[in-house]
Amino acid sequence: MTPGHAELSGLGAMTGGVVFALSTLLLVQAVSPCPKECSCDSYAKVVDCRGRGLYDIPHKLHPETQELYLQDNRIRGLGSMAFRETPQLRVLDLANNTITMLSPSALLGLRGLRSLSLANNSIREVDRRFLGSIRNLTQLDLSYNNIGGLPGALADSFHHLTHLSLHYNRLTKVDRTHLEALGSLEVLNLRGNPWKCDCQMIGLKLWLETFTFKGGVVDEVVCAQPHAMRERDLQQVPYELFHTCMTTSYSYLFANIHHLDNQHRLLRGHLHPSPEAPPYGGEFGPPPECEAKQKPRPVNLRHAIATVVITGVVCGIVCLMMLAAAVYGCAYAAIMAKYQRELKKREKEAGGGGTQRENTDREGEKEPLENAIA
């Protein structure tokens, strides 16, 4: 082989290697697409787009992506089905953007989503349909926004939610029913909201006591209104400061009765377990903690019982007053009837005496006449 032929053969082999490498690279990109603004880990199925100055959700994401990080960008809103390319997402982080608009169908299709962070944005309201399609969520972070109320879907959808962060928003009250439906909740963050600690907050106070009694973790709920309770933690405010609620509304009584009912059901569930439950001890494991050591009864139960007793005493006094009025009426009617009977009797006696005098006068007139004739 001549030197020219050897050089040509080497050049051809080199060209073939470059072509093969380019083909392999293009094939890898075709199989595992990744937006040019992001870095992707195809093995871990993670896409990292943090701090890239993005104004929208990147396109050409791999459909098997499970974790998508979009923090520290300039995204202003989430349109309809914004994540249609990644139906297998399990972690979605959109913290520290400028999001103000959330389409009700933005998360449609993300049935496997477990963790969602929308912290540090400018969200004012969350539509109930926005959260209705992610029923398997376990962690939700809505902190550092301008949210003034929780959507009803929070109670309808999130039965698996364990961590909920609502700190530093504009919440003044929270409906107790929204929290009672979160049966799996373990950690709740509520700090930094302008809470209005009026009579409507008694239900939240009772729920927080029950939540912490069962082992839940919650931070402080610092009151902003009224002035007498400012800068005080709702959990530390004594029930005596809510005494006006007992005379101006029935919310205090109803909240305590509802709380007592829940406590009774919980206690009854421990004392009378279902037949399907395995017996305690032995190969079936140790008994529950509440059976091993009896915990003291919460202080609020005594106030609830006192409220019920006071209400019963007041109702008893009212009934006694009504009974006394009825007795007085009957006695007055009997006295008046007796008086009328005596009055009629006297009138009859007076009428009989006048008739007898008239008969005596007539006989006196007859006697002189007879004497004159004689």
Side-chain angles (χ1 to χ4, degrees), residues 50 69-73 75 78 91-102 106-107 113-128 130-131 134 137-198 200-227 229-237:
R50 292 177 288 185
Y69 299 97
L70 295 166
Q71 307 99 296
D72 305 318
N73 283 288
I75 300 174
L78 300 179
V91 178
L92 177 59
D93 198 330
L94 289 160
N96 198 21
N97 280 275
T98 57
I99 299 176
T100 58
M101 186 276 296
L102 298 173
L107 303 179
L113 192 65
R114 296 292 187 272
S115 176
L116 173 63
S117 177
L118 291 167
N120 200 12
N121 281 281
S122 301
I123 302 172
R124 294 180 177 273
E125 185 179 3
V126 180
D127 192 286
R128 62 179 299 132
F130 176 78
L131 301 174
I134 48 176
L137 203 67
T138 59
Q139 298 184 10
L140 176 61
D141 190 351
L142 295 173
S143 58
Y144 292 95
N145 281 282
N146 298 316
I147 300 174
L150 297 181
L154 189 68
D156 301 334
S157 305
F158 296 153
H159 301 294
H160 303 286
L161 194 67
T162 59
H163 292 70
L164 176 61
S165 297
L166 298 170
H167 49 287
Y168 293 99
N169 278 278
R170 295 186 177 180
L171 297 172
T172 58
K173 62 179 180 179
V174 173
D175 192 348
R176 177 178 176 175
T177 57
H178 290 168
L179 299 176
E180 287 180 340
L182 305 179
S184 302
L185 192 64
E186 299 175 359
V187 179
L188 177 63
N189 296 319
L190 298 172
R191 181 189 293 112
N193 286 281
W195 299 107
K196 185 178 180 182
C197 298
D198 55 6
Q200 298 182 2
M201 290 289 282
I202 296 181
L204 177 61
K205 178 176 174 62
L206 292 171
W207 183 87
L208 290 174
E209 292 180 355
T210 304
F211 180 65
T212 55
F213 181 77
K214 294 179 180 179
V217 178
V218 62
D219 57 2
E220 56 186 2
V221 180
V222 179
C223 303
Q225 300 178 37
H227 181 75
M229 298 186 186
R230 184 175 297 178
E231 301 299 330
R232 300 188 64 176
D233 188 355
L234 178 64
Q235 301 177 80
Q236 306 300 327
V237 175

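Because the structure is predicted, anything quoted here is derived from the model rather than measured.
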Do [X] and [Y] have side-chain heavy atoms sitting under 4.5 Å apart?
X    : Y    : answer
L116 : L107 : yes
T172 : W195 : no
L131 : V126 : yes
L188 : V217 : no
N121 : T98  : no
V91  : Y69  : yes
L204 : L179 : yes
R230 : V222 : no

Taking atom types as modelled, find out whether [X] and [Y] have a side-chain donor-acceptor pair closer than 3.5 angstrom.
X    : Y    : result
N97  : N73  : no
Q71  : D93  : yes
N145 : N169 : no

Say you draw a straight line from OG of S184 to CG of L164; how long is it, rounded to the nearest 0.5 Å?
->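 Spacing of OG (S184) from CG (L164) equals 12.5 Å.
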Backbone of [Y] reached by a side-chain donor or acceptor of [X] within 3.5 Å:
X    : Y    : result
D233 : E220 : no
N146 : I123 : no
N193 : L171 : yes

So with a 6.0 Å cut-off around CD of E125, is the heavy-atom count from everything else above 12?
->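 Open.
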Atom CZ of R124 with >12 non-hydrogen neighbours under 6.0 angstrom |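 It does not: R124 CZ has 12 such atoms or fewer within range.
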Least distance between heavy atoms, [X] atom then [Y] atom:
X    : Y    : result
H163 : L185 : N-CD1, 4.1 Å
R232 : Q236 : NH2-O, 4.3 Å
Q139 : T162 : CG-OG1, 4.5 Å

Please determine which of M229, Q225, M201 meets the side chain to side chain contact (heavy atoms under 4.5 Å, CB included) test together with K196.
->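 Passing option: Q225.
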Under 4.0 Å between a Lys/Arg side-chain N and an Asp/Glu carboxylate O for D72 and R50?
-> no
